[in-house]
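Order of the sequence lines fixes the chain letters, A, B, ..., with proteins taken first and strands second; residue numbering starts at 1 for each chain. Bear in mind the structure is a predicted one, so any value in this text is a computation, not a measurement.
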There are 2 protein chains.
Amino acid sequence: MNTRQPDQTRQTILAAAYAEIHRQGFQAASLARILADTSLTKGALYHHFPDKKALGLAVVEEVIRPELTAAMLTPVARAEHPLRALQALLEAKAQTADEALLTLGCPLNNLMQEMSPVDEDFRRQLNRLFTDWVAVVAEALARGQAAGEVRRDLDARQTAYFVVSALEGCIGMSKNTQSPAAFRGCALQLAGFLEGLKA
Amino acid sequence: MNTRQPDQTRQTILAAAYAEIHRQGFQAASLARILADTSLTKGALYHHFPDKKALGLAVVEEVIRPELTAAMLTPVARAEHPLRALQALLEAKAQTADEALLTLGCPLNNLMQEMSPVDEDFRRQLNRLFTDWVAVVAEALARGQAAGEVRRDLDARQTAYFVVSALEGCIGMSKNTQSPAAFRGCALQLAGFLEGLKA
DNA sequence: CAAAATACCTACCGGTTGGTATGCTGTAGT
DNA sequence: ACTACAGCATACCAACCGGTAGGTATTTTG
């Protein structure tokens, strides 16, 4: 019988680290607290990850990236009508009122705000993820332009950058305000901005 | 000769704490590092402030609030033409390319992102400052509506909330991207949004 | 089946953290 | 000039931090 399942163990640690980092931030995240959730010890952690920083970067790449991809990139990438897809995403976000995501904020944005100034490796890796996101939105806008649904006089890349930034801004402010209504209002305004992009 | 100047000492500590918190965040900010900049010791710090948290809250109220007021609230509050004033502020921010503010981000937003989920006192105090900011912008928009310069069909308060959120979002993303050009483009898009509010 | 490598645990380490207890000193009030 | 207290320095503390050393048990490999 298999009592040891290293892959499973690794995933357990990653999941616990993700939760802890989401709540406390990376620097304030405690390895002891991460391990307290699991029934594992430091030996297991340091067997799978060389140090705390590597654990954090692994969380970004193996937890946050897939989640963000599933939630935001794929829907937009597939969409035939990009503006409608973006507005639908906003609508969905506003409705669900995801407790964790509203009070704790976007994990990607949280880490960018915290780590970009203090660690170059973190900054680069987070920027890659962010850039990918912007690229997907930009491509969607460009497809909209080609289809005559989106104004041709605007810079797709720059507009995409703004849309993602504004969304992150809205989520961030709502984290402070702690009111789903406030976020909904904010998302509504952003939807209004998107409306203004129509050809 | 006066060798002791308690007010001056207090300000010195506040300034050093502000710089350290701006760089590292509040939780990661070290009292030892704060005091290393000044030539003071823990005795001085704990004479003027009961604990680290009180120091942090004092920084918010006595350093960040006045700075933000001077930089963003007052200009907007005085402006006759609110939309033009907001756009001028964006323009100014984009031009100066303030090193510290671009790579380290907005001190208010940084603290909101970090502290809102983990400390209710911080959240409330930061939210007061943020709310004041939104209120000033909202009043400016309302004045614009009264003057017939701004569309009357929009909710001034909600629009103001979005404008401030989007601005913070743009600053935050630029902190990660570390390119003044990216922030300029983002600010440009926000200016475009403001343009769409004209009557 | 033996040997080697992997997976994980326990105990511990040096360093840093925020915080405190105590003592010296300049200075204002009388 | 004496007192009393504010203003600060020094020395120290327990708790916690990330990380390591060394052992044990379970696999995989030859």
Residue [X] excluded, over 12 heavy atoms near [atom1] under 6.0 Å:
X	atom1	answer
A:E80	CD	no
B:R84	CZ	no
B:R10	CZ	yes
B:R23	CZ	no

The side chain of [X] lies closest to which of these nucleotides: [options]?
X	options	value
A:T41	C:dT10, C:dT17, D:dC8	C:dT10
A:R33	D:dC8, D:dC17, C:dT6	D:dC17
A:L31	D:dG19, C:dG19, D:dC8	D:dG19
B:L40	D:dG19, D:dC8, C:dT25	D:dC8
B:R4	D:dC17, C:dT27, C:dT17	C:dT27
B:Y46	C:dT20, C:dA7, D:dC17	C:dT20
A:H47	D:dC8, C:dT20, C:dC8	C:dC8

**OP:** Output yes when at least one side-chain N/O atom of B:H48 is less than 4.0 Å from OP1 or OP2 of D:dC8, else no.
**Re:**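 For B:H48, the contact criterion (side-chain N or O under 4.0 Å from OP1 or OP2 of D:dC8) is met.
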**OP:** Report yes if at least one side-chain N or O of A:T9 is closer than 4.0 Å to OP1 or OP2 of C:dC8; otherwise report no.
**Re:**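 A:T9 to C:dC8 OP1/OP2: side-chain N or O found under 4.0 Å.
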Rounded interatomic separation in angstrom, taking [atom1] from [X] and [atom2] from [N]:
X	N	atom1	atom2	value
B:Q8	C:dT27	CD	P	15 Å
B:L35	C:dG18	CG	C1'	11 Å
B:K53	C:dG19	NZ	P	11 Å
A:K42	C:dT10	NZ	P	13 Å
A:Q5	C:dC8	CD	C1'	14 Å
A:L45	D:dG19	CG	C1'	11 Å
A:Q24	D:dC17	CD	P	10 Å
A:Q27	C:dT16	CD	C1'	14 Å

Original post:
NA contact type, B:A28, heavy-atom cut-off 4.0 Å: base, sugar-phosphate, or nothing?
Top reply: nothing
Original post:
Which part of the nucleic acid, if any, lies within contact of B:S39, taking any heavy atom under 4.0 Å across all strands shown: a base, the sugar-phosphate backbone alone, or nothing?
Top reply: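 The residue B:S39 makes sugar-phosphate contact but no base contact.
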Original post:
Is any N or O donor-acceptor pair between the side chain of A:K52 and the base of D:dG19 shorter than 3.5 Å?
Top reply: no
Subject >> B:K53 charged N/C atom sitting above B:F26 aromatic ring, 6.0 Å / 45° >> reply: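 Not flagged: B:K53 not positioned over aromatic ring of B:F26.
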